[in-house]
Structure formats: C-alpha cells, structure tokens
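Only one structure is covered here, and it is reproduced in the block below.
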Amino acid sequence: MSVESGTVRLRTEEDEPGWEVDPSDDWGVAVVATVGRQLRLRREALGIRAADFGRSVGYGEDMVYKIEAGKRIPRPEYLDNADEVLAAGGLLAAMKEDVAKVRYPKKVRDLAKLEATAVELQLYDPLNIHGLLQTPEYARALLRMRRPAYSSDEVERFVAARAARKAVFERDPAPEISFVLEEWTLRRPLGGRPVLRRQLESLLETAGLRNVELQVMPMDRDEHAGVAGGIEVLKFADGSAVGRSPVVAGGRPVDEPRHLRILELRYGIIRAQALTPRESASFIEQLLGAT
C-alpha cells in the first residue's frame, strides 16, 4: 500500500507486485545491480538522503534502498524522474531499454535472441495462434485464461515480451518465416469476437508480407503429421540450425542433425497437408466475414 508523506502518497512494494528480480536470471540481476549502483552513486554524490530522494520521485525510502541494492526492478517512470532529480542528463533514462528486458522471462529473451539472428523460421503451434502472430489483445485474453492465474502485472509482462519479439518482422534483410495454423484456433473467439476479428485482420496483414508464408491446416483433413505436438525450426546464416518439439529430446532445443531431420520431415509433411498460402488467405478472409 502507499504510505503518506505530508500530502504525497509514496509507493511501496505492495503497489508494485511482480517487479522483483529473478535470482536465477544472471543477466537480469547484473543489469538491475548496475542500474541501482548508478542511482545510489549519483544520489550520494549530490548529498541527497534516500528519504528526500524518495519523496522527489514518489517512492518510500525502503523502496529507494531496495532499487539501489538491485533487489527491485525500477519502473521506466522511476528512471525518468531520477534522471531529472539527479541531473543525469539522460544517462539514467537511457537505461530503460535494458531494464525493460529484465522484466521479460529469461526463456522469452533467449528465444528472442535466436529469432533475431535466424534467416529462416518454420513454426507450427497446434494449440494456439503462434505467439509471433498474436495481437496484444488476443495475447492478453489468452494469458488471463491461464490456471493458476497470472497476476495482472505478470500478464502485462508476457504481453510486452511477445510484442517485443515482433521485431523479427522488421529486420532488414528480412528472414523467411513460415507458419502453419490450426483452423480451430482461428474459429474460437478467445477474448470475444471483437478480439478475434482484430486477430484475423492482423493475420491477413502479416500474410501479405513478402517474406512470410502463412498456411492453415483445415479441421476436415483425414491425415495430419502434426498430432504429436508443435514444431519450431530456426536456421542461421552459417548453416547451423536449432529446433524444438515436445516429442523430440524431451522438448529441449536440439541442434543435432538426426533430431533436426525428424523435425523438418514432420514440418514439411504438415505444410503439404495444409492449405496453400493463397488458399489460407482466402479462408481467413471468409472467417473474418463471418465473425
């Protein structure tokens, strides 16, 4: 809860759940510790007490100490205010980008790094519209259905992380990206029909990109090579590749040729069984018209 300081309400830990540092995330711990150290050094150099500084930025003294000790992730507005109060000339505010990444789960950051360097991506998700294709509204609705439930703050962290991964579509040169989507995921109105409608519109926009091939697997197919689970294969400029599927090597990422051969074989058959990209776009347009 907020605490009173004169007429100003100062924020405490209870006001910001989910902004703790994951102790198993070495990179995140290092980033937050470095930022906290810079905050403390600048505050002390100016002779400002933690309590006085806290009142200037709207936080309680205890929160100031925890952020400076690297135990709490500072919000973007905290760094903006601190930059102004400590006359840092934009140096503290410039740390917001790295600090924001700390809030993304480590496994999401690791995946985003791979996607950022891949020259070809082959992606199939049998349960949901793939995360790279989800609109923020659809992703938020999907995450809110998770049980045990995520906190509101956790939901927003995951939504932001998925949105950040979309940078893969803006790369130059652009990677070749192939998606196969299940028809039923395009029909179920998760979050409501307005959310689904915007999601379908977004899929058509993405399908129109020159480097993207989007295919739909119809529900009426009597053969399906993807019943064993999702598939992800990422290929890189040096000829190496990494893949993942729940039924290969226990779902861990693999780069061994024998495992990659299985994943690419299955993915190739799935693509052959699905609608062509042009047929898929027409199919999504029909669904959009009926939504």
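Count residues from 1 along the sequence.
- A salt bridge does not link Glu61 to Arg55: none of the charged nitrogens lies less than 4.0 Å from a carboxylate oxygen.
- The distance from atom CG of Leu234 to atom CG of Asp255, rounded to the nearest 0.5 Å, is 12.0 Å.
- Identified under the salt bridge (Lys or Arg N to Asp or Glu O under 4.0 Å) test for residues 80-91, with sequence neighbours left out: Asp80-Lys96.
- Each side chain to side chain donor-acceptor pair (under 3.5 Å) pair with one or both residues in residues 231-244, not counting sequence neighbours, appears once here: Glu232-Arg244, Lys235-Glu264, Asp238-Ser240.
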Handout entry: side-chain contact (heavy atoms from CB on, under 4.5 Å) evaluation trace for Ile270 with Met217
Key = CA-CA 8 Å; Ile270 291 171; Met217 176 68 81; 3.8 Å; yes

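- A 4.5 Å side-chain heavy-atom check between Thr206 and Ile177 finds every atom pair outside the cut-off.
- Identified under the salt bridge (Lys or Arg N to Asp or Glu O under 4.0 Å) test for residues 196-207, with sequence neighbours left out: Arg197-Glu201, Arg198-Glu201, Arg198-Glu205.
- In this structure, CD1 in Ile269 is found 12.0 Å from NE2 in His224, a value given to the nearest 0.5 Å.
- In this structure, the side chain of Arg42 does not engage the main chain of Ala88 through any donor-acceptor pair within 3.5 Å.
- With sequence neighbours left out, the ring pair (Phe, Tyr, Trp, His ring centres under 6.0 Å) criterion links Phe236 to no other residue.
- Judged purely by atom type and a 3.5 angstrom limit, Arg11 has no side-chain atom pairing as donor or acceptor with the backbone of Gly58.
- Considering only heavy atoms from C-beta on, Arg146 stays 4.5 Å or farther from Glu154 through its side chain.
- Test Val31, Val35, Val32 against Met95 for side-chain contact (heavy atoms from CB on, under 4.5 Å) and you get one pass: Val35.
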In residues 127-134, what donor-acceptor pairs under 3.5 Å come from side-chain atoms, sequence neighbours left out?
unit_1 : atom_1 : unit_2 : atom_2 : d
His130 : ND1    : Leu132 : N      : 3.1
Gln134 : OE1    : Arg162 : NH1    : 2.6
Gln134 : NE2    : Ile129 : O      : 2.7

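- Listed by first then second residue, pairs satisfying salt bridge (Lys or Arg N to Asp or Glu O under 4.0 Å) with a partner in residues 282-291 number zero, not counting sequence neighbours.
- The backbone N or O of Gly191 sits nowhere less than 3.5 Å from a side-chain atom of Arg140 that would complete a donor-acceptor pair.
- Side chains of Glu213 and Gln215: a donor-acceptor N/O pair is absent below 3.5 angstrom, by distance only.
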Practice task
Could you walk me through whether Arg75 and Tyr59 pass the side-chain contact (heavy atoms from CB on, under 4.5 Å) test, one step at a time?
Solution key: CA-CA 11 Å; Arg75 285 180 174 270; Tyr59 280 74; 3.6 Å; yes

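- Scored by the salt bridge (charged side-chain N to carboxylate O under 4.0 Å, His left out) test, Glu68 finds Arg43 as partners (sequence neighbours excluded).
- With rounding to the nearest 0.5 Å, the separation of CD in Glu256 from CG in Leu260 is 7.5 Å.
- Between Val64 and Tyr78, some side-chain heavy-atom pair lies under the 4.5 Å cut-off.
- Pairs engaging residues 125-138 under the salt bridge (Lys or Arg N to Asp or Glu O under 4.0 Å) rule: none recorded [sequence neighbours left out].
- Side-chain atoms of Pro189 and Val195, non-hydrogen and from C-beta on, never get closer than 4.5 Å to each other.
- Inspection of the Ser178 and Tyr267 side chains reveals an N or O donor paired with an N or O acceptor under 3.5 Å.
- Residue Lys71 qualifies as open at atom NZ: its count of foreign heavy atoms under 6.0 Å is 12 or below.
- Residues Leu92 and Gln38 form a side-chain contact, since some pair of their non-hydrogen atoms from C-beta on lies under 4.5 Å apart.
- Residues forming a ring pair (Phe, Tyr, Trp, His ring centres under 6.0 Å) with Phe53 (at least two apart in sequence, or on another chain): none.
- Here the shortest heavy-atom pairing between Ala118 and Pro175 reads O-CB, 3.4 Å.
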Can you give the donor-acceptor pairs under 3.5 Å from side chains of residues 276-283 to other protein atoms, not counting sequence neighbours?
unit_1 : atom_1 : unit_2 : atom_2 : d
Thr276 : OG1    : Glu279 : N      : 3.1
Thr276 : OG1    : Glu279 : OE1    : 3.3
Glu279 : OE1    : Thr276 : N      : 2.9
Ser280 : OG     : Val216 : N      : 2.8
Ser280 : OG     : Leu275 : O      : 3.4
Ser280 : OG     : Thr276 : O      : 2.8
Ser282 : OG     : Arg278 : O      : 3.3

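- Under the rule for a ring pair (Phe, Tyr, Trp, His ring centres under 6.0 Å), His259 has no partner lying at least two apart in sequence or in another chain.
- Between the CD1 atom of Ile284 and the OG1 atom of Thr291 there is a distance of 11.0 Å, given to the nearest 0.5 Å.
- By the 4.5 Å heavy-atom criterion applied to side chains, Gln199 and Leu190 are not counted as neighbours.
- Residues passing the side-chain hydrogen bond (donor to acceptor under 3.5 Å, both in side chains) test with Glu44 are Arg40, sequence neighbours excluded.
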